[in-house]
Asks: 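Structure in structure tokens, see below.
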Amino acid sequence: MGKENEACVCISEIRSVIQSHYPVKAAEDWDNPGLQLGRKEARVSRVLIALELTRAIVDEAIQNGVELIVTHHPFIFKPLKAVTTDSVEGSMLLDLAEHRIALLAAHTNLDSAPDAINARLSDMLGLSERRIFLKQTPFVAYKMIVFVPEASADDVAKAMHEAGAGCVGNYSDVSFVGKGEGRFRCGTDSHPAIGVPGSAECVAEVRLEMVVSARDLGRVTKAMLAAHPYEEPAYDVFKLESDVRGMTDQYGFGMVGTLPETMTLSVFIDHIKKLWDIESVRACGDPEKLIRRVAIMNGAGAKYYNMCSDDVDAYITGDCGHHDFDNANRRGLALIDAGHYDTEKFIPEIIKQVLDKAFEQRLEVIISQCMKRPFCVYS
Ligand SMILES: [Zn+2]
């Protein structure tokens with residue numbers, strides 16, 4: 001735990017700063033950014049930043065007396081069945097918890113932010129005439145309409161909001177409530193909250209409407225059913241066409257831009273290797289092909305090569321496979337796999353700058369010395 005002095009910062013404050021730059025609503029629906037372990041009210045004075053959590057980074061955090069680790073890749077991603085020493089993951093989390101080290105992630109919410117990694121890579125390459133490579137996909141949202149007896153409406157609404165319903169742009173706890181009559185006949189084997197089995201009822205109810213993201217739909221449905229007094233609550237769920245994410249056009253993945261000078265593919269590859277300090281890259285395309293306009297996407301962007309418009313000469317990303325290169329060759333696109341790690345290793349510096357600027361001397365922000373790509377290249 002942080003020392004109780006003025007230098008300490010509440011974890012919720014750090015989370016707010018990170019999420020004001022990288023809003024969670026900008027994350028992909030499948031993602032899991034945010035506070036993953038720890039107490040949001042805990043106060044910390046030293047933060048360690050890394051690309052992802054490894055055993056070495058857990059040890060580094062313990063040795064350095066760190067109270068919060070911020071990573072890019074969320075460590076808790078798929079549901080965990082147990083947190084015990086029977087698994088490596090469980091042991092790592094227990095070590096963090098026992099040393100009161102919290103864990104926070106900023107993943108695709110950072111990838112898609114306008115002033116984050118793709119802007120940094122583009123700045124390093126000196127790209128001009130920039131545009132976002134892949135605009136943020138429309139937010140998959142649903143409208144949930146539930147009919148609740150008037151007396152229980154506030155409780156049901158509260159439960160749904162707490163589960164994530166009713167977020168529209170920068171507004172939360174958004175709902176619509178209309179009054180009406182709920183009519184039903186209780187079955188002879190029913191156990192009604194209002195009325196008696198076999199009788200027809202007319203109850204003063206409200207129609208409660210909220211927007212729910214695809215990510216929160218299961219959780220909101222469960223919370224609504226638990227809070228609803230009826231044995232068989234009546235509710236409707238519709239998929240929406242409208243985009244309630246409230247993001248500006250500046251959000252999206254990757255960047256397209258023009259190099260300061262045209263160069264051949266082989267020269268461009270040397271340039272990237274030097275500029276980003278990369279040992280080796282894998283690439284396809286004629287080494288003499290002239291490269292002027294390029295697309296960049298940090299991390300695992302191989303599957304988006306076919307989103308390159310015709311004016312893009314080269315696409316730089318990570319995690320490219322055999323078939324990605326084969327397809328790119330057919331299209332005449334120079335596909336450059338600069339590595340998932342090497343296109344993301346600048347992210348900790350970006351997060352550090354954000355935290356240093358927000359908290360200055362109140363927080364010591366250190367970048368992990370144990371970050372490395374999770375494999376070696378033998379050539
Ligand atoms: Zn990544």
Side-chain angles (χ1 to χ4, degrees), residues 18-19 21-37 48-58 69-78 89 92 103-125 132-137 215 251-256 272 275-283 294-305 307 315-321 324 335-354 367-377:
I18 287 180
Q19 293 182 354
H21 284 77
Y22 316 122
V24 168
K25 65 190 176 191
E28 293 282 82
D29 286 339
W30 47 260
D31 201 5
N32 189 32
L35 186 62
Q36 302 217 307
L37 177 71
L48 180 72
I49 309 182
L51 204 54
E52 58 219 345
L53 192 72
T54 62
R55 180 72 249 178
I57 287 169
V58 171
I69 302 174
V70 180
T71 64
H72 178 50
H73 296 139
F75 184 68
I76 301 177
F77 197 69
K78 292 179 185 158
E89 292 78 10
M92 287 164 66
L103 183 62
L104 192 150
H107 192 209
T108 52
N109 49 327
L110 182 145
D111 290 333
S112 62
D115 55 354
I117 181 63
N118 287 295
R120 175 67 64 96
L121 297 175
S122 302
D123 289 346
M124 291 172 90
L125 283 172
I132 290 174
F133 178 54
L134 276 183
K135 286 269 175 69
Q136 182 60 275
T137 48
R215 179 171 40 200
Y251 283 79
F253 298 94
M255 195 77 81
V256 180
I272 293 173
L275 198 62
W276 296 347
D277 190 23
I278 308 177
E279 226 173 273
S280 65
V281 305
R282 298 181 306 140
V294 299
I296 309 174
M297 168 127 29
N298 65 292
K303 60 178 180 251
Y304 302 112
Y305 70 87
M307 302 299 283
Y315 177 39
I316 316 155
T317 186
D319 294 353
C320 300
D324 301 317
L335 177 61
I336 303 171
D337 186 341
H340 194 130
Y341 175 85
D342 285 296
T343 55
E344 295 196 334
K345 64 189 177 191
F346 309 105
I347 289 174
E349 279 169 34
I350 295 170
I351 298 174
K352 177 174 163 56
Q353 280 171 0
V354 164
I367 292 178
S368 170
Q369 299 300 304
C370 301
M371 282 198 314
K372 58 177 187 176
R373 67 178 72 79
F375 59 88
C376 295
V377 177

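All ligand and atom numbering here is 1-based and tracks the order in the structure. Along the sequence shown, residues carry numbers from 1.
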Asks: Search all heavy atoms of F133 against all heavy atoms of Y304 and return the closest pair with its distance.
Replies: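 So the two residues come closest at CZ-O, 3.5 Å.
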Asks: Looking only at side chains, do D111 and N298 share a donor and an acceptor under 3.5 Å apart?
Replies: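 The answer is yes; a qualifying pair exists.
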Asks: Suppose we only count N/O/S atoms under 2.8 Å; would H340 qualify as near the Zn ion (ligand 1)?
Replies: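 Checking H340: at least one N, O or S atom is under 2.8 Å.
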Asks: Please report the closest heavy-atom contact between A113 and H21, naming both atoms and the distance.
Replies: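 Heavy atoms of A113 and H21 come nearest at CB-O, 3.8 Å.
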Asks: Answer yes when D123 and R120 have at least one side-chain N-carboxylate O distance shorter than 4.0 Å, and no when they do not.
Replies: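 The answer is no: the pair does not qualify as a salt bridge.
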Asks: Can you tell me if an N/O/S atom from H73 lies under 2.8 Å from the Zn ion (ligand 1)?
Replies: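 True for H73.
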Asks: Determine which of the N, O or S atoms in E344 is closest to the Zn ion (ligand 1) and give its atom name.
Replies: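 Going through the N, O and S atoms of E344 one by one, OE1 ends up nearest to the Zn ion (ligand 1).
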